[in-house]
2 protein chains.
Amino acid sequence: MIEISNAELSVMQVLWQRQPLSANDVVEALGNDKDWHEKTVKTLLNRLVSKGALGFDKDGRAYLYYPLIAEQDYKLEQSRSFVERIFAGRVAPLVAGFASQNKLNADDVQQLKQLIADWEQEQHHD
Amino acid sequence: MIEISNAELSVMQVLWQRQPLSANDVVEALGNDKDWHEKTVKTLLNRLVSKGALGFDKDGRAYLYYPLIAEQDYKLEQSRSFVERIFAGRVAPLVAGFASQNKLNADDVQQLKQLIADWEQEQHHD
DNA sequence: CCTTATGGATTACACTTGTAATACATTTAA
DNA sequence: TTAAATGTATTACAAGTGTAATCCATAAGG
(Lines give C-alpha, C1' and ligand atoms only; values in the text may rest on other atoms or scores of the structure.)
Protein backbone atom coordinates (compact mmCIF):
# COMPACT_ATOMS: atom_id res chain seq x y z
CA MET A 1 0.00 0.00 0.00
CA ILE A 2 1.08 3.53 -0.78
CA GLU A 3 2.63 5.30 2.21
CA ILE A 4 1.05 8.63 2.96
CA SER A 5 2.75 10.86 5.48
CA ASN A 6 0.97 12.93 8.07
CA ALA A 7 1.18 16.17 6.19
CA GLU A 8 0.17 14.47 2.99
CA LEU A 9 -2.83 12.94 4.68
CA SER A 10 -4.26 16.36 5.42
CA VAL A 11 -4.16 17.07 1.71
CA MET A 12 -5.84 13.77 0.92
CA GLN A 13 -8.61 14.51 3.40
CA VAL A 14 -9.41 17.71 1.56
CA LEU A 15 -9.62 15.92 -1.76
CA TRP A 16 -11.66 13.09 -0.32
CA GLN A 17 -14.19 15.67 0.72
CA ARG A 18 -14.37 17.55 -2.52
CA GLN A 19 -12.85 16.71 -5.89
CA PRO A 20 -11.36 17.60 -8.22
CA LEU A 21 -9.65 20.71 -6.87
CA SER A 22 -6.94 22.99 -8.13
CA ALA A 23 -3.82 23.47 -6.06
CA ASN A 24 -5.13 26.82 -4.97
CA ASP A 25 -8.43 25.34 -3.88
CA VAL A 26 -6.54 22.88 -1.74
CA VAL A 27 -4.40 25.62 -0.26
CA GLU A 28 -7.51 27.54 0.59
CA ALA A 29 -9.32 24.55 2.03
CA LEU A 30 -6.38 23.87 4.31
CA GLY A 31 -6.08 27.47 5.32
CA ASN A 32 -8.31 27.07 8.34
CA ASP A 33 -6.45 24.29 10.07
CA LYS A 34 -2.95 24.43 8.77
CA ASP A 35 -0.50 27.23 8.68
CA TRP A 36 1.27 26.06 5.58
CA HIS A 37 2.92 28.09 2.91
CA GLU A 38 1.40 27.69 -0.52
CA LYS A 39 4.67 26.17 -1.74
CA THR A 40 4.46 23.54 0.95
CA VAL A 41 1.03 22.43 -0.16
CA LYS A 42 2.20 22.23 -3.74
CA THR A 43 5.12 20.08 -2.72
CA LEU A 44 2.71 17.74 -0.97
CA LEU A 45 0.48 17.60 -4.02
CA ASN A 46 3.48 16.75 -6.14
CA ARG A 47 4.62 14.02 -3.84
CA LEU A 48 1.17 12.52 -3.71
CA VAL A 49 1.05 12.45 -7.48
CA SER A 50 4.48 10.78 -7.57
CA LYS A 51 3.29 8.20 -5.11
CA GLY A 52 0.25 7.46 -7.18
CA ALA A 53 -2.16 8.67 -4.52
CA LEU A 54 -3.44 11.53 -6.64
CA GLY A 55 -4.11 12.04 -10.30
CA PHE A 56 -4.93 15.24 -12.15
CA ASP A 57 -6.49 16.63 -15.27
CA LYS A 58 -5.23 19.79 -16.88
CA ASP A 59 -7.42 22.81 -16.79
CA GLY A 60 -5.53 25.25 -18.94
CA ARG A 61 -2.30 25.93 -17.16
CA ALA A 62 -3.51 24.61 -13.83
CA TYR A 63 -4.10 21.06 -12.68
CA LEU A 64 -7.22 19.66 -11.13
CA TYR A 65 -6.31 16.99 -8.62
CA TYR A 66 -8.35 14.01 -7.52
CA PRO A 67 -7.66 10.99 -5.29
CA LEU A 68 -6.62 7.72 -6.86
CA ILE A 69 -7.09 5.75 -3.68
CA ALA A 70 -10.37 5.43 -1.84
CA GLU A 71 -10.75 6.93 1.60
CA GLN A 72 -12.39 3.77 2.91
CA ASP A 73 -9.65 1.51 1.64
CA TYR A 74 -6.96 3.70 3.04
CA LYS A 75 -8.53 4.05 6.47
CA LEU A 76 -9.29 0.37 6.74
CA GLU A 77 -5.74 -0.54 5.89
CA GLN A 78 -4.33 2.00 8.31
CA SER A 79 -6.59 0.77 11.09
CA ARG A 80 -5.65 -2.79 10.43
CA SER A 81 -1.95 -2.10 10.50
CA PHE A 82 -2.17 0.16 13.54
CA VAL A 83 -4.14 -2.33 15.57
CA GLU A 84 -1.81 -5.07 14.43
CA ARG A 85 1.26 -3.12 15.45
CA ILE A 86 0.05 -1.84 18.77
CA PHE A 87 -2.54 -4.33 19.94
CA ALA A 88 -1.50 -7.53 18.21
CA GLY A 89 -4.53 -7.27 15.96
CA ARG A 90 -7.26 -7.07 18.59
CA VAL A 91 -9.50 -4.03 18.46
CA ALA A 92 -11.19 -4.43 21.83
CA PRO A 93 -8.16 -3.35 23.87
CA LEU A 94 -8.05 -0.16 21.88
CA VAL A 95 -11.64 0.62 22.71
CA ALA A 96 -10.93 -0.30 26.31
CA GLY A 97 -8.27 2.38 26.35
CA PHE A 98 -10.74 4.96 25.17
CA ALA A 99 -13.22 3.83 27.76
CA SER A 100 -10.65 4.08 30.52
CA GLN A 101 -9.97 7.66 29.59
CA ASN A 102 -13.61 8.62 29.39
CA LYS A 103 -13.23 9.17 25.70
CA LEU A 104 -16.45 7.32 24.93
CA ASN A 105 -19.64 9.28 24.65
CA ALA A 106 -23.24 8.20 24.26
CA ASP A 107 -23.01 8.40 20.48
CA ASP A 108 -20.03 6.11 20.35
CA VAL A 109 -21.71 3.63 22.64
CA GLN A 110 -24.86 3.74 20.59
CA GLN A 111 -22.91 3.02 17.42
CA LEU A 112 -20.95 0.24 19.04
CA LYS A 113 -24.14 -1.38 20.24
CA GLN A 114 -25.50 -1.25 16.74
CA LEU A 115 -22.33 -2.80 15.35
CA ILE A 116 -22.58 -5.59 17.86
CA ALA A 117 -26.23 -6.17 17.08
CA ASP A 118 -25.41 -6.36 13.39
CA TRP A 119 -22.56 -8.70 14.06
CA GLU A 120 -24.76 -11.03 16.08
CA GLN A 121 -27.39 -10.93 13.42
CA GLU A 122 -24.75 -11.92 10.94
CA GLN A 123 -23.72 -14.90 13.04
CA HIS A 124 -27.22 -16.33 12.96
CA HIS A 125 -27.20 -16.33 9.20
CA ASP A 126 -24.22 -18.72 9.04
CA MET B 1 5.33 12.59 24.18
CA ILE B 2 8.44 10.75 23.10
CA GLU B 3 8.34 9.62 19.47
CA ILE B 4 9.07 5.95 19.02
CA SER B 5 9.60 4.67 15.50
CA ASN B 6 8.30 1.38 14.19
CA ALA B 7 11.54 -0.49 14.54
CA GLU B 8 12.09 0.97 17.98
CA LEU B 9 8.64 -0.10 19.05
CA SER B 10 9.52 -3.74 18.50
CA VAL B 11 12.36 -3.30 20.95
CA MET B 12 10.08 -1.63 23.46
CA GLN B 13 7.58 -4.47 23.21
CA VAL B 14 10.28 -6.94 24.18
CA LEU B 15 11.23 -4.90 27.22
CA TRP B 16 7.65 -4.32 28.22
CA GLN B 17 7.29 -8.06 28.36
CA ARG B 18 10.40 -8.81 30.34
CA GLN B 19 12.78 -6.42 32.01
CA PRO B 20 15.56 -5.64 32.54
CA LEU B 21 17.35 -7.29 29.66
CA SER B 22 20.85 -7.08 28.27
CA ALA B 23 21.32 -6.05 24.67
CA ASN B 24 21.98 -9.65 23.79
CA ASP B 25 18.80 -10.80 25.48
CA VAL B 26 16.87 -8.31 23.40
CA VAL B 27 18.60 -9.43 20.23
CA GLU B 28 17.69 -12.98 21.05
CA ALA B 29 14.11 -12.18 21.94
CA LEU B 30 13.68 -10.43 18.62
CA GLY B 31 15.32 -13.24 16.74
CA ASN B 32 12.06 -15.02 16.04
CA ASP B 33 10.20 -12.20 14.37
CA LYS B 34 12.82 -9.87 13.05
CA ASP B 35 15.74 -10.50 10.83
CA TRP B 36 17.87 -7.77 12.28
CA HIS B 37 21.59 -7.65 12.65
CA GLU B 38 22.81 -7.44 16.22
CA LYS B 39 24.26 -4.01 15.44
CA THR B 40 20.88 -2.81 14.33
CA VAL B 41 19.26 -3.77 17.60
CA LYS B 42 22.01 -2.03 19.54
CA THR B 43 21.49 1.10 17.51
CA LEU B 44 17.82 0.99 18.37
CA LEU B 45 18.59 0.50 22.06
CA ASN B 46 20.92 3.48 21.91
CA ARG B 47 18.36 5.67 20.25
CA LEU B 48 15.71 4.68 22.75
CA VAL B 49 18.03 5.60 25.59
CA SER B 50 18.76 8.96 23.94
CA LYS B 51 15.06 9.58 23.60
CA GLY B 52 14.47 8.80 27.23
CA ALA B 53 12.32 5.78 26.48
CA LEU B 54 14.75 3.36 28.07
CA GLY B 55 17.08 3.45 31.03
CA PHE B 56 19.76 0.98 32.03
CA ASP B 57 21.83 -0.27 34.93
CA LYS B 58 25.35 -1.48 34.45
CA ASP B 59 26.03 -5.14 34.97
CA GLY B 60 29.76 -5.35 34.66
CA ARG B 61 30.61 -4.31 31.17
CA ALA B 62 27.10 -4.84 29.84
CA TYR B 63 23.96 -2.78 30.33
CA LEU B 64 20.62 -4.00 31.53
CA TYR B 65 17.87 -2.03 29.86
CA TYR B 66 14.39 -1.26 31.13
CA PRO B 67 11.52 0.89 29.88
CA LEU B 68 11.09 4.37 31.24
CA ILE B 69 7.66 4.83 29.77
CA ALA B 70 4.69 2.66 30.58
CA GLU B 71 3.21 0.44 27.93
CA GLN B 72 -0.30 1.55 28.85
CA ASP B 73 0.51 5.23 28.62
CA TYR B 74 2.21 4.82 25.32
CA LYS B 75 -0.54 2.78 23.73
CA LEU B 76 -3.26 5.06 24.99
CA GLU B 77 -1.54 8.07 23.56
CA GLN B 78 -0.90 6.36 20.24
CA SER B 79 -4.51 5.24 20.00
CA ARG B 80 -5.73 8.69 20.78
CA SER B 81 -3.58 10.32 18.17
CA PHE B 82 -4.29 7.69 15.55
CA VAL B 83 -8.03 7.91 15.98
CA GLU B 84 -7.78 11.68 16.00
CA ARG B 85 -5.81 11.75 12.79
CA ILE B 86 -7.78 9.19 10.84
CA PHE B 87 -11.27 9.28 12.31
CA ALA B 88 -11.54 12.77 13.70
CA GLY B 89 -11.38 11.40 17.22
CA ARG B 90 -14.31 8.94 17.04
CA VAL B 91 -13.49 5.35 17.80
CA ALA B 92 -16.71 3.77 16.57
CA PRO B 93 -15.93 4.20 12.87
CA LEU B 94 -12.70 2.33 13.40
CA VAL B 95 -14.53 -0.58 14.94
CA ALA B 96 -17.05 -0.39 12.13
CA GLY B 97 -14.20 -0.87 9.70
CA PHE B 98 -13.11 -4.00 11.48
CA ALA B 99 -16.66 -5.26 11.53
CA SER B 100 -17.03 -4.65 7.83
CA GLN B 101 -14.00 -6.78 7.14
CA ASN B 102 -15.08 -9.59 9.40
CA LYS B 103 -12.18 -8.81 11.67
CA LEU B 104 -14.34 -9.10 14.76
CA ASN B 105 -14.56 -12.41 16.54
CA ALA B 106 -16.71 -13.58 19.43
CA ASP B 107 -14.05 -12.65 21.94
CA ASP B 108 -13.86 -9.11 20.69
CA VAL B 109 -17.61 -8.77 20.78
CA GLN B 110 -17.76 -10.19 24.26
CA GLN B 111 -15.18 -7.69 25.45
CA LEU B 112 -16.92 -4.82 23.72
CA LYS B 113 -20.20 -5.74 25.34
CA GLN B 114 -18.52 -5.75 28.70
CA LEU B 115 -16.99 -2.35 28.05
CA ILE B 116 -20.37 -0.99 27.11
CA ALA B 117 -21.99 -2.49 30.19
CA ASP B 118 -19.31 -0.93 32.36
CA TRP B 119 -19.73 2.39 30.63
CA GLU B 120 -23.49 2.35 31.21
CA GLN B 121 -22.99 1.41 34.80
CA GLU B 122 -20.70 4.36 35.13
CA GLN B 123 -23.29 6.71 33.70
CA HIS B 124 -25.79 5.77 36.40
CA HIS B 125 -23.39 6.76 39.10
CA ASP B 126 -23.28 10.35 37.90
C1' DC C 1 51.37 -11.02 29.00
C1' DC C 2 49.47 -10.78 24.69
C1' DT C 3 45.74 -11.64 21.46
C1' DT C 4 41.20 -12.01 20.56
C1' DA C 5 36.56 -11.47 21.40
C1' DT C 6 32.94 -8.65 23.04
C1' DG C 7 30.32 -4.50 24.80
C1' DG C 8 29.01 -0.03 24.03
C1' DA C 9 30.00 4.54 21.20
C1' DT C 10 30.47 6.70 17.07
C1' DT C 11 29.96 7.07 12.25
C1' DA C 12 27.62 5.94 7.78
C1' DC C 13 24.41 6.42 4.29
C1' DA C 14 20.26 6.44 1.56
C1' DC C 15 15.37 7.48 1.93
C1' DT C 16 11.41 9.95 3.82
C1' DT C 17 9.30 14.00 5.72
C1' DG C 18 8.37 18.78 6.92
C1' DT C 19 8.85 22.96 5.17
C1' DA C 20 9.93 25.82 1.79
C1' DA C 21 12.82 28.63 -1.98
C1' DT C 22 14.20 29.00 -6.61
C1' DA C 23 13.74 28.23 -11.50
C1' DC C 24 11.22 28.24 -15.55
C1' DA C 25 7.44 28.78 -18.72
C1' DT C 26 3.41 31.18 -19.76
C1' DT C 27 -0.45 34.23 -19.22
C1' DT C 28 -2.08 38.52 -18.51
C1' DA C 29 -2.07 43.37 -17.43
C1' DA C 30 -0.22 47.83 -18.52
C1' DT D 1 5.15 44.38 -26.40
C1' DT D 2 7.17 43.99 -22.34
C1' DA D 3 7.03 43.37 -17.35
C1' DA D 4 4.75 41.23 -13.69
C1' DA D 5 2.18 37.59 -11.94
C1' DT D 6 1.07 32.83 -11.65
C1' DG D 7 1.37 27.61 -12.33
C1' DT D 8 4.17 23.77 -12.15
C1' DA D 9 8.93 21.60 -11.71
C1' DT D 10 13.16 21.33 -9.55
C1' DT D 11 16.16 21.98 -5.80
C1' DA D 12 17.17 22.61 -0.73
C1' DC D 13 18.09 21.17 3.67
C1' DA D 14 17.78 19.46 8.39
C1' DA D 15 15.79 15.79 11.23
C1' DG D 16 14.27 11.16 11.67
C1' DT D 17 14.56 6.18 10.26
C1' DG D 18 16.15 1.66 8.74
C1' DT D 19 20.00 -0.76 8.61
C1' DA D 20 24.27 -1.50 9.64
C1' DA D 21 29.89 -0.99 9.88
C1' DT D 22 33.72 0.75 12.26
C1' DC D 23 36.07 2.28 16.43
C1' DC D 24 37.67 1.77 20.90
C1' DA D 25 38.25 -0.04 25.51
C1' DT D 26 38.47 -3.86 28.28
C1' DA D 27 37.64 -8.57 29.81
C1' DA D 28 38.83 -13.25 29.01
C1' DG D 29 41.40 -17.05 27.10
C1' DG D 30 45.68 -19.18 25.97
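Order of the sequence lines sets the chain letters (A, B, ...), proteins ahead of strands, with each chain counted from 1.
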Student: Could you list the residues that satisfy salt bridge (charged side-chain N to carboxylate O under 4.0 Å, His left out) with B:Glu38, not counting sequence neighbours?
Tutor: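 For B:Glu38 the salt bridge (charged side-chain N to carboxylate O under 4.0 Å, His left out) partners, ignoring immediate neighbours, are B:Lys42.
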Student: With ILVMFWY side chains joined below 4.5 Å, transitively, what does A:Leu68's cluster contain besides itself?
Tutor: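 Hydrophobic cluster check, A:Leu68: joined to A:Tyr66.
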Student: In whole angstrom, give the distance that lies between atom CG of B:Leu44 and atom C1' of D:dT19.
Tutor: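 The distance from CG of B:Leu44 to C1' of D:dT19 comes to 9 Å, rounded to the nearest Å.
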Student: How would you list, by chain and number, every residue that makes a side-chain hydrogen bond (donor to acceptor under 3.5 Å, both in side chains) with A:Lys51, sequence neighbours excluded?
Tutor: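 With sequence neighbours excluded, A:Lys51 shows a side-chain hydrogen bond (donor to acceptor under 3.5 Å, both in side chains) to A:Glu8, given in chain and number order.
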Student: In whole Å, I'd like the distance from the CG atom of B:Asn46 to the P atom of D:dG18.
Tutor: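 Rounded to whole Å, this separation is 15 Å.
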Student: Atom NZ of A:Lys42 and atom C1' of C:dC24: how far apart are they, to the nearest Å?
Tutor: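 It is 14 Å, rounded to the nearest whole Å.
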Student: Does any non-hydrogen side-chain atom of B:Tyr63 lie less than 4.5 Å from one of B:Pro20?
Tutor: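 Not in contact.
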Student: Report the distance from atom CG of A:Leu9 to atom P of C:dT16, rounded to the nearest whole Å.
Tutor: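 Taking atom P of C:dT16 as the reference, CG of A:Leu9 is at 18 Å.
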Student: Which atom pairs, one a donor and one an acceptor, fall under 3.5 Å between side chains of residues 95-113 of chain B and the rest of the protein, sequence neighbours left out?
Tutor:
{"residue": "B:Ser100", "atom": "OG", "partner": "B:Gly97", "partner atom": "O", "Å": "2.8"}
{"residue": "B:Asn105", "atom": "OD1", "partner": "B:Asp107", "partner atom": "N", "Å": "3.0"}
{"residue": "B:Asn105", "atom": "OD1", "partner": "B:Asp108", "partner atom": "N", "Å": "2.8"}
{"residue": "B:Asp108", "atom": "OD1", "partner": "A:Arg90", "partner atom": "NE", "Å": "2.9"}
{"residue": "B:Asp108", "atom": "OD2", "partner": "A:Arg90", "partner atom": "NE", "Å": "3.4"}
{"residue": "B:Asp108", "atom": "OD2", "partner": "A:Arg90", "partner atom": "NH2", "Å": "3.0"}
{"residue": "B:Asp108", "atom": "OD2", "partner": "B:Asn105", "partner atom": "N", "Å": "3.2"}
{"residue": "B:Lys113", "atom": "NZ", "partner": "A:Glu120", "partner atom": "OE2", "Å": "2.5"}

Student: Kindly write out the residues that satisfy side-chain hydrogen bond (donor to acceptor under 3.5 Å, both in side chains) with B:Asn46, not counting sequence neighbours, or none if the list is empty.
Tutor: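 Partners of B:Asn46 by the side-chain hydrogen bond (donor to acceptor under 3.5 Å, both in side chains) criterion come out as none, since no residue qualifies.
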Student: For B:Asp33, what residues pass the side-chain hydrogen bond (donor to acceptor under 3.5 Å, both in side chains) criterion, not counting sequence neighbours?
Tutor: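 With sequence neighbours excluded, B:Asp33 shows a side-chain hydrogen bond (donor to acceptor under 3.5 Å, both in side chains) to no residue whatsoever.
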Student: What residues form a ring pair (Phe, Tyr, Trp, His ring centres under 6.0 Å) with A:Tyr65, not counting sequence neighbours?
Tutor: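 Scan of A:Tyr65 (ring pair (Phe, Tyr, Trp, His ring centres under 6.0 Å), adjacent residues dropped) gives A:Phe56.
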Student: Between residues 23-39 of chain B and DNA chain C, which residues have a heavy-atom gap below 4.0 Å?
Tutor: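 Heavy-atom contacts with DNA chain C come from B:Ala23, B:Asn24, B:Lys39.
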Student: Do B:Leu30 and B:Ser10 have side chains that get closer than 4.5 Å, going by heavy atoms?
Tutor: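 In contact.
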Student: Determine, for nucleotides 25-30 of chain C in 5'-to-3' order, which nucleotides have protein heavy atoms under 4.0 Å from the base (write B), from only the sugar-phosphate (write S), or from neither (write -).
Tutor: BB----
Student: Please list all pairs meeting ring-ring contact (aromatic ring centres under 6.0 Å, His included) that have one or both residues in residues 6-32 of chain B, counting only residues at least two apart or in different chains.
Tutor: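 Pairs touching residues 6-32 of chain B that pass the test: B:Trp16-B:Tyr74.
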Student: All N/O contacts under 3.5 Å from nucleotides 13-17 of chain D to the protein, with atom names and distances to one decimal?
Tutor:
{"residue": "D:dT17", "atom": "OP2", "partner": "B:Lys51", "partner atom": "NZ", "Å": "2.9"}

Student: Grab the OH-P distance between B:Tyr63 and D:dT26 for me, whole Å please.
Tutor: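 Roughly 12 Å, once rounded to whole Å.
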Student: Would you please name every residue forming a side-chain hydrogen bond (donor to acceptor under 3.5 Å, both in side chains) with A:Gln19, sequence neighbours left out?
Tutor: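 With sequence neighbours excluded, A:Gln19 shows a side-chain hydrogen bond (donor to acceptor under 3.5 Å, both in side chains) to no residue whatsoever.
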